[in-house]
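Structure, as structure tokens:
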Protein chains: 2
Amino acid sequence: MNEHVHAATDLTKNQTLVMGALTNSDGPLSAYTILDQLRDHGFRAPLQVYRALDKLVEFGLVHRLESLNAFVACRHPGCDGHQTIAFMICESCGQVNEISDGILTKRLKALADEASFALKKTTIELRGLCRSCQAA
Amino acid sequence: MNEHVHAATDLTKNQTLVMGALTNSDGPLSAYTILDQLRDHGFRAPLQVYRALDKLVEFGLVHRLESLNAFVACRHPGCDGHQTIAFMICESCGQVNEISDGILTKRLKALADEASFALKKTTIELRGLCRSCQAA
DNA sequence: CGCAATCTTGTAATAAGATAACGTCACATC
DNA sequence: GATGTGACGTTATCTTATTACAAGATTGCG
Ligand SMILES: [Zn+2]
Ligand SMILES: [Zn+2]
Ligand SMILES: [Zn+2]
Ligand SMILES: [Zn+2]
């Protein structure tokens with residue numbers, strides 16, 4: 001049922017609103033920031049946001065950044081979920097860059113296999129300074 | 001001052017207590033779980049735990065698991081901070097395995113360099129099932 | 001010693017993030 | 001029409017983390 005990426009038209013009203021907030025944003029947003037932005041559209045409670053986010057993450061349209069407790073729209077529509085995704089997060093400007101890399105994916109798989117660990121999900125988040133912010 | 005790993009004797013009373021709680025634990029502990037465990041020793045407020053944890057993390061004696069909002073004692077005293085650390089977290093039994101790998105470290109560095117990203121800290125957390133828990 | 005600078009601690013209050021529990025509504029299926 | 005399912009709304013509650021302020025302890029001089 002959710003084996004393929006969903007198109008925007010499959011989304012419910014609340015999911016569309018949350019997706020819009022994330023898409024229009026430069027960087028990641030916390031659930032409560034999204035809530036505040038959508039109060040004018042009838043959002044009143046955190047659960048409305050969290051429920052939409054759960055689905056969007058499930059659909060692969062949104063990623064959760066664990067080290068920020070925040071969410072970001074997928075900038076890489078090709079990311080098929082078969083490769084691990086790494087995020088480069090600038091601690092100065094907050095910009096997030098999403099990359100997937102075969103070598104990384106393979107190495108993590110190998111390490112997991114070596115330990116007989118059944119890998120289900122990987123979180124890779126790199127913190128530092130983006131190119132622009134190093135100049136300053 | 002904190003450029004080298006601190007010995008246990010360098011720790012303050014609160015730091016020692018928090019470190020002890022983590023060392024005695026099988027798996028990661030949340031700050032509030034630690035607080036509860038240390039109430040008999042005079043702990044009354046979250047900040048006492050968080051302040052100790054901040055220092056212990058700074059000293060490299062404790063790692064924070066971002067995807068769990070929890071903390072774990074370093075099981076790998078050799079981890080010098082020059083390599084990235086990856087955690088394999090079993091979603092069934094909660095056991096955490098800490099590994100550092102040169103290939104992984106080099107690949108992440110290369111990806112960061114490629115993007116002109118000044119890497120400061122990496123978070124790698126693998127979720128899945130450990131060997132024992134796959135049997136069940 | 002006397003004093004300042006710094007570190008550590010204690011406490012209360014509050015902010016930020018996430019979920020539980022309950023009921024309702026719309027829609028598809030039989 | 002009965003039934004099941006999924007989205008929605010609302011309230012309350014829980015977990016995680018920080019801010020603000022004050023009091024002791026420690027160190028390093030002069
Ligand atoms: Zn993506
Ligand atoms: Zn930047
Ligand atoms: Zn370690
Ligand atoms: Zn296990």
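By convention in this document, chain letters (A, B, ...) are assigned in the order of the sequence lines, proteins followed by strands, and residues within each chain are numbered from 1. Small disclaimer: the values here were computed from a predicted structure and weren't measured.
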Rounded distance in Å - [atom1] ([X]) to [atom2] ([N]):
{"X": "A/L68", "N": "C/dA16", "atom1": "CG", "atom2": "C1'", "result": "14 Å"}
{"X": "B/E66", "N": "D/dT16", "atom1": "CD", "atom2": "P", "result": "14 Å"}
{"X": "B/Y50", "N": "C/dA15", "atom1": "OH", "atom2": "P", "result": "17 Å"}
{"X": "B/D54", "N": "C/dT9", "atom1": "CG", "atom2": "C1'", "result": "14 Å"}
{"X": "A/L17", "N": "D/dA7", "atom1": "CG", "atom2": "P", "result": "15 Å"}

Exercise. Under the salt bridge (Lys or Arg N to Asp or Glu O under 4.0 Å) test, which residues partner A/K109, sequence neighbours left out?
Worked result: A/D113

Exercise. Listed by chain and number, what are the salt bridge (Lys or Arg N to Asp or Glu O under 4.0 Å) partners of A/E125, not counting sequence neighbours?
Worked result: none

Problem set entry | Any residue of residues 31-39 of chain B with a heavy atom less than 4.0 Å from an atom of DNA chain C | none

[X]: partners by side-chain hydrogen bond (donor to acceptor under 3.5 Å, both in side chains), with sequence neighbours left out:
{"X": "B/D54", "answer": "none"}
{"X": "A/K13", "answer": "none"}
{"X": "B/S116", "answer": "A/R131"}

Suppose we screen for side-chain contact (heavy atoms from CB on, under 4.5 Å). Which residues come up paired with [X], at least two apart in sequence or across chains?
{"X": "A/R127", "result": "A/S67, A/L68, A/I89, A/E91, B/K121"}
{"X": "A/T33", "result": "A/L29, A/S30, A/Q37"}
{"X": "A/D101", "result": "A/I103, A/L104, B/R107, B/L111"}

Problem set entry | Distance-only donor-acceptor check, side chains B/T122 and B/T84, under 3.5 Å | no

Problem set entry | Distance below 4.0 Å between B/N69 side-chain N/O and D/dA17 OP1 or OP2 | yes

Problem set entry | Distance below 4.0 Å between B/R64 side-chain N/O and D/dT16 OP1 or OP2 | no

Output one line per pair: protein atom, nucleotide atom from nucleotides 8-12 of chain D, and distance, for all N/O pairs under 3.5 Å.
residue	atom	partner	partner atom	Å
D/dC8	OP1	A/T12	OG1	3.0
D/dC8	OP1	A/N14	N	3.4
D/dG9	OP2	A/N14	ND2	2.9
D/dG9	OP2	A/Q48	NE2	2.6
D/dG9	N7	A/R51	NH2	2.3
D/dG9	O6	A/R51	NH1	3.3
D/dG9	O6	A/R51	NH2	3.2

Problem set entry | Within residues 34-47 of chain A or reaching into it, pairs that qualify as salt bridge (Lys or Arg N to Asp or Glu O under 4.0 Å) - sequence neighbours excluded | A/D36-A/R39

Exercise. Looking at A/H63 versus A/F71, is the centre-to-centre ring distance below 6.0 Å?
Worked result: no

Give me, pair by pair, the N or O atoms of the protein and of nucleotides 24-27 of chain D that are less than 3.5 Å apart, along with how far apart they are.
none

